[in-house]
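Take a look at the structure below.
Residues take their numbers from the sequence shown, with the count starting at 1. A quick note: this is a predicted structure, and the numbers were derived from the prediction, not measured.
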Amino acid sequence: MKIRAIALSILAASGLAARAQEPPAPTPASPQETIISVDITKPSGVRTPLAIPVPISPLTLELRTKAVDPFFKALTDDLSSYPAFVLADPALYPKGTRPPVVREDGDAWIASGAQFLLDTQVHPAAAGIEVIAQLYDLKSLKSVLGKAYTSEVAGARRIAHTLANDIVRQFTGRPGPFLARLAFVSDRTSPKGRRVEKEITLMDWDGESQWRLTATRNLALSPDWSPDGRSIVFQSYFKGPPGLFLVPTAGGAPKEIPLSTELNASPSFAPDGKSIAFCGAVRGNPEIFVVNTDGSGLRRLTDNQAVDSTPRWAPNGRELAFTSNRQGSPQIYLMDGEGANVRRVSLAANWNDEAVFAPDGSRIAFACGNEGEFQICVLDLLSGRTFQISTGPGAHENPTWSPDGSKIAWEVTKDDGTQIVVANTDGSSLRVLTSAGNNTSPAWSKTVE
């Protein structure tokens with residue numbers, strides 16, 4: 001929660017302010033090829049060109065519309081957006097050379113600008129569909145990845161995300177972010193003529209499969225995922241003063257975390273999932289606290305006349321980032337898990353807030369501002385250098401990292417409202433994920449599934 005909004009929350013706390021079904025997961029079938037490692041060592045910024053032709057499929061036109069088309073769109077969207085890849089121009093793809101068997105076949109695909117060919121087939125299966133995928137090295141003509149996936153027809157997009165993750169793992173050694181989800185706050189269901197209601201909503205990384213998780217009919221704010229992805233902690237006023245609540249990500253009733261503090265905002269799950277850091281207040285002064293998920297073991301980490309807010313855990317669980325105006329303007333500070341060793345780390349811009357660690361702990365993304373509107377900046381903790389990754393008009397705030405560290409999502413506020421966007425960590429491949437209502441406070445799940 002921003003320092004400039006803390007006062008409003010304190011007033012609210014004192015009384016002066018007043019699910020859709022997820023698609024089924026695919027079941028991996030027996031691999032069609034032995035996975036062979038690919039050496040993709042190359043200079044930084046060089047992308048591997050992939051050719052991904054339309055799947056071969058004997059399915060009916062109806063099933064192609066329901067399964068093959070969404071599968072192919074999700075697959076190409078995933079891999080074209082990933083910073084390690086670029087897709088060759090489909091207009092240059094050769095005809096009738098799948099799979100590449102002889103040298104002339106491979107050379108024809110290479111002439112299209114590709115180094116690897118991802119060839120897929122979609123067949124009917126007892127459960128719905130089966131997707132068979134082969135990744136060919138066009139220089140050696142060898143299949144370096146072979147997999148098969150089965151699912152109900154409704155799970156075609158999820159198969160695509162699973163395959164895209166497997167392709168990323170083949171090249172980088174770790175899965176991509178495509179099965180991770182985003183939680184966010186949306187007012188899209190607010191009844192006309194009544195006060196605004198904000199609820200926690202979930203969606204896939206690409207903005208698809210959006211569904212409302214909570215139904216507080218009040219304000220549900222600042223979601224954060226548990227490390228195992230099974231629950232979300234959030235702030236809400238639906239029982240009166242602001243409190244912290246846990247809700248299962250599969251759906252269900254929120255459970256309140258009993259607290260003796262006021263304000264109770266900006267919760268952040270510890271990496272071990274056993275405790276939560278948050279901004280609480282004692283006699284009106286916002287400080288950083290940690291509490292166990294059952295409400296026991298409350299500990300106060302800061303004790304300062306300044307406003308301390310927006311705590312976020314480091315991936316190692318030994319440090320927290322937070323915002324404080326103890327030296328004048330709001331800035332980003334780090335401290336250890338017991339509240340000691342406090343030091344300021346943000347030096348660029350005169351107002352910095354909402355820090356969140358990259359999954360490897362080497363960088364921090366945050367909202368940075370000088371005289372104009374906020375932008376998204378990334379601080380390299382090793383070099384101390386700060387980079388601005390967002391551009392364009394509007395206020396850019398509330399960044400969150402994908403669990404593999406390849407992407408950042410955030411909110412952008414313009415005259416026509418607030419929407420959530422996602423981009424690579426250098427700001428490239430930006431796409432808008434939401435459109436209905438106003439959508440804020442994105443939080444990426446911490447697992448890639």
Answer yes or no: is there a donor N or O on one side and an acceptor on the other, between the side chain of [X] and the main chain of [Y], under 3.5 Å?
X	Y	value
Gln121	Ile56	no
Arg344	Ser346	yes
Gln134	Pro99	no
Asn264	Leu244	no
Glu208	Leu433	no
Ser445	Ala180	no
Thr302	Ile288	yes
Thr214	Ile200	yes
Ser275	Asn292	no
Asp89	Ser112	no

Mind checking whether [X] and [Y] have side chains closer than 4.5 Å, heavy atoms only?
X	Y	answer
Glu199	Thr189	yes
Leu50	Leu117	no
Ser441	Pro223	yes
Val378	Thr386	no
Phe71	Lys73	no
Asp272	Trp313	no
Ser226	Ser231	yes
Ile257	Phe278	no

- Query: Should the pair Arg299 and Phe289 be classed as cation-pi, given the thresholds of under 6.0 Å to the six-membered ring centre and 45° from the axis?
  - Reply: no
- Quiz item: cation-pi between Arg181 and Trp211, 6.0 Å / 45°: no
Looking at [Y] and [X], is any side-chain nitrogen of the basic one under 4.0 Å from a carboxylate oxygen of the acidic one?
X	Y	answer
Arg312	Asp224	no
Asp228	Lys446	no
Asp308	Arg326	yes
Asp166	Lys147	yes
Arg98	Asp119	yes

- Query: Can you list the steps and then say if Leu63 with Val153 is a side-chain contact (heavy atoms from CB on, under 4.5 Å)?
  - Reply: CA-CA 8 Å; Leu63 284 178; Val153 171; 4.0 Å; yes
When rounded to the nearest 0.5 angstrom, what is the spacing between [atom1] in [X] and [atom2] in [Y]?
X	Y	atom1	atom2	value
Arg158	Leu179	CZ	CG	5.0 Å
Met335	Glu319	CE	CD	10.5 Å
Cys377	Ile389	SG	CD1	8.5 Å
Phe387	Asp380	CZ	CG	6.5 Å
Phe178	Arg157	CZ	CZ	12.0 Å
Glu354	Ser266	CD	OG	8.5 Å

- Query: Under the ring-ring contact (aromatic ring centres under 6.0 Å, His included) criterion, do Trp401 and Phe357 qualify, and how do the steps go?
  - Reply: CA-CA 8 Å; Trp401 296 82; Phe357 282 91; 9.7 Å; no
Is the [atom1] atom of [X] crowded by more than 12 outside heavy atoms at less than 6.0 Å?
X	atom1	result
Arg385	CZ	no
Arg230	CZ	no
Lys407	NZ	yes

For [X] versus [Y], what's the shortest heavy-atom pair and its separation?
X	Y	value
Leu141	Val101	CD1-O, 3.6 Å
Ser80	Asp77	OG-O, 3.3 Å
Pro248	Leu213	O-CD1, 3.3 Å
Pro227	Pro271	CG-O, 3.3 Å
Asp78	Ala160	OD2-O, 4.0 Å
Ala74	His161	CB-CE1, 4.1 Å

- Message: Going by the rule side chain to side chain donor-acceptor pair (under 3.5 Å), which residues pair with Asn316 if we only count those two or more places apart in sequence or in a different chain?
- Response: none
- Carefully, step by step, assess Thr323 and Val307 under the rule side-chain contact (heavy atoms from CB on, under 4.5 Å). CA-CA 8 Å; Thr323 303; Val307 175; over 6 Å; no
- Query: What's the verdict on side-chain contact (heavy atoms from CB on, under 4.5 Å) for Phe322 and Thr310, showing C-alpha distance, side-chain angles and the deciding distance?
  - Reply: CA-CA 5 Å; Phe322 67 102; Thr310 326; 5.9 Å; no
- Message: What verdict does the side-chain contact (heavy atoms from CB on, under 4.5 Å) test give for Tyr82 and Ile167, after you've listed the backbone C-alpha separation in whole Å, the side-chain angles of each residue and the deciding distance to 0.1 Å?
- Response: CA-CA 11 Å; Tyr82 194 76; Ile167 296 296; over 6 Å; no
- Going through the distances and angles, do Ser186 and Thr201 end up as a side chain to side chain donor-acceptor pair (under 3.5 Å)? CA-CA 7 Å; Ser186 181; Thr201 306; 4.6 Å; no
- Query: Is there a side chain to side chain donor-acceptor pair (under 3.5 Å) between Asn341 and Asp336 once you walk through the steps?
  - Reply: CA-CA 6 Å; Asn341 193 24; Asp336 67 27; 5.5 Å; no
- Given Ser390 and Gln375, is the side chain to side chain donor-acceptor pair (under 3.5 Å) satisfied, shown in steps? CA-CA 6 Å; Ser390 63; Gln375 297 291 337; 2.5 Å; yes
- Decide side chain to side chain donor-acceptor pair (under 3.5 Å) for Asn439 and Arg188; before the verdict, give the C-alpha distance in whole Å, the side-chain angles of both, and the deciding distance to 0.1 Å. CA-CA 8 Å; Asn439 303 278; Arg188 65 187 63 181; 2.8 Å; yes
- Query: With respect to Phe116, which candidate in Trp109, Tyr136, Phe171 satisfies the ring pair (Phe, Tyr, Trp, His ring centres under 6.0 Å) definition?
  - Reply: Phe171
- Message: Phe234: which residues meet the ring-ring contact (aromatic ring centres under 6.0 Å, His included) condition with it, sequence neighbours left out?
- Response: Phe245
